[in-house]
Structures are given as structure tokens and as C-alpha cells.
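Computed from a predicted structure; not experimentally measured.
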Amino acid sequence: MLTTETLHTSRRDEMIDITRQVQAAVKRSGVTDGIAVIYSPHTTAGITIQENADPDVRHDVLFRLDEVYPWQHPGYRHMEGNTASHLKTITAGASQTVIISGGKLLLGRWQGIYFCEFDGPRTRTYMIKIIAG
């Protein structure tokens with residue numbers, strides 16, 4: 001089963017918790033054991049798994065990524081001016097795979113699945129592929 005989800009981002013950089021949407025797709029699929037692959041088809045937005053208990057973690061991750069990949073740098077050559085967003089996406093990755101067990105995502109106690117926007121605000125999509133196993 002393949003599901004395409006749409007979301008609207010509101011800032012240039014943000015991490016949006018999509019764990020509930022992914023779990024809902026698992027439930028709709030009826031798959032009790034297998035994997036869920038969550039994929040972003042964008043070159044300036046990614047998918048990651050990170051702590052979901054303390055919102056300061058998201059702040060700190062985005063803060064540090066801005067330090068490592070500043071929006072403007074004299075060495076950047078990409079004409080669109082969003083080289084930092086491409087570099088952040090390389091770091092986050094385009095997809096994550098999560099085990100499904102007993103019809104639930106097998107995430108750690110403090111883990112959540114995040115859509116990472118690095119060039120917003122925009123309307124974005126991501127895909128969830130549920131594979132029985």
C-alpha cells in the first residue's frame with residue numbers, strides 16, 4: 001500500500017511530527033507485521049527519526065544545522081541561493097524505514113518521525129509505503 005500525504009510548512013526550517021499520520025496509514029493498511037518506508041521526494045526536505053518528548057531538541061537540531069550550513073556563504077555557487085537547504089537534506093536523508101509489529105510502529109519510547117523542511121514555507125508531499133512481511 002502506498003499513501004501520499006500533503007502538508008504545509010510555515011517557516012524556512014522546521015521539523016514537523018508526522019508519527020500519527022504514519023501510524024494511521026499503518027492502521028488503514030491492515031498490515032500487522034512488516035515495514036513502513038517514509039520518503040520525501042524533495043531535494044530540500046527530508047525525513048528523520050528523533051526525540052519527540054522535548055520540543056527543545058527540534059530547536060537545537062535546527063539551530064546547529066544553521067551553524068554548520070549557513071544560509072549564505074561566499075563559496076556557494078548554486079544560483080537559487082538555497083545550497084544550505086540541500087546540504088541539510090543530505091544530512092537528514094530522504095527516507096526512513098520503521099518496523100511494524102503488532103500493527104504498530106516499532107519506535108523507541110521517545111522517538112517520533114519528522115518531516116524536515118529546509119526551504120519553506122511550501123506545500124510538500126511525502127509518501128508512506130507499507131510492506132507486509
Ion pair check, [X] and [Y], cut-off under 4.0 Å:
X    : Y    : value
R122 : D119 : yes
R28  : E5   : yes
D66  : K88  : yes
E117 : R124 : yes

Give me the atom names and distance for the closest heavy-atom approach of [X] to [Y].
X   : Y    : result
D33 : S101 : OD1-CA, 3.4 Å
P41 : T125 : CD-O, 3.3 Å
A92 : Q96  : O-NE2, 4.1 Å
V31 : I100 : O-CG2, 3.9 Å
P55 : A53  : CD-O, 3.7 Å

Side-chain touch [X]/[Y], heavy atoms, less than 4.5 angstrom:
X    : Y   : answer
F118 : T91 : no
T44  : H86 : yes
S95  : I38 : no
I47  : S40 : yes
Y69  : S85 : no
Q50  : R58 : no
I130 : V26 : yes

Item to check | Flag if over 12 foreign heavy atoms under 6.0 Å of CD, E67 | outcome: yes

Checklist entry - For L2, does the CG atom sit with more than 12 other heavy atoms under 6.0 Å from it, leaving out its own atoms? => result yes

Checklist entry - Taking only residues two or more places apart in sequence or in another chain, which ones pass side chain to side chain contact (heavy atoms under 4.5 Å, CB included) with T97? => result I35, V37

Checklist entry - If we ignore angles and hydrogens, is there a donor and acceptor under 3.5 Å between the side chains of Y126 and T6? => result no

Checklist entry - Can H73 and T83 be said to form a side-chain contact (heavy atoms from CB on, under 4.5 Å), step by step? => result CA-CA 9 Å; H73 188 282; T83 296; over 6 Å; no

Are [Y] and [X] co-members of a hydrophobic cluster defined by side-chain heavy atoms under 4.5 Å apart?
X   : Y   : value
M79 : W71 : no
I16 : V98 : yes
L7  : V22 : yes
L65 : V57 : yes

Item to check | OG1-NZ distance between T4 and K129, expressed to the nearest 0.5 angstrom | outcome: 10.5 Å

Checklist entry - So H59 and F63, would you call those rings parallel, tilted or perpendicular, with 30° and 60° as cut-offs? => result parallel

Could you list the donor-acceptor pairs under 3.5 angstrom formed by side chains in residues 102-116, with sequence neighbours left out?
| residue | atom | partner | partner atom | Å |
| --- | --- | --- | --- | --- |
| Q111 | OE1 | G108 | N | 2.7 |
| Y114 | OH | E51 | O | 3.1 |

Checklist outcome for this item: Contacts of R12 meeting salt bridge (Lys or Arg N to Asp or Glu O under 4.0 Å) (sequence neighbours excluded), chain-then-number -> none

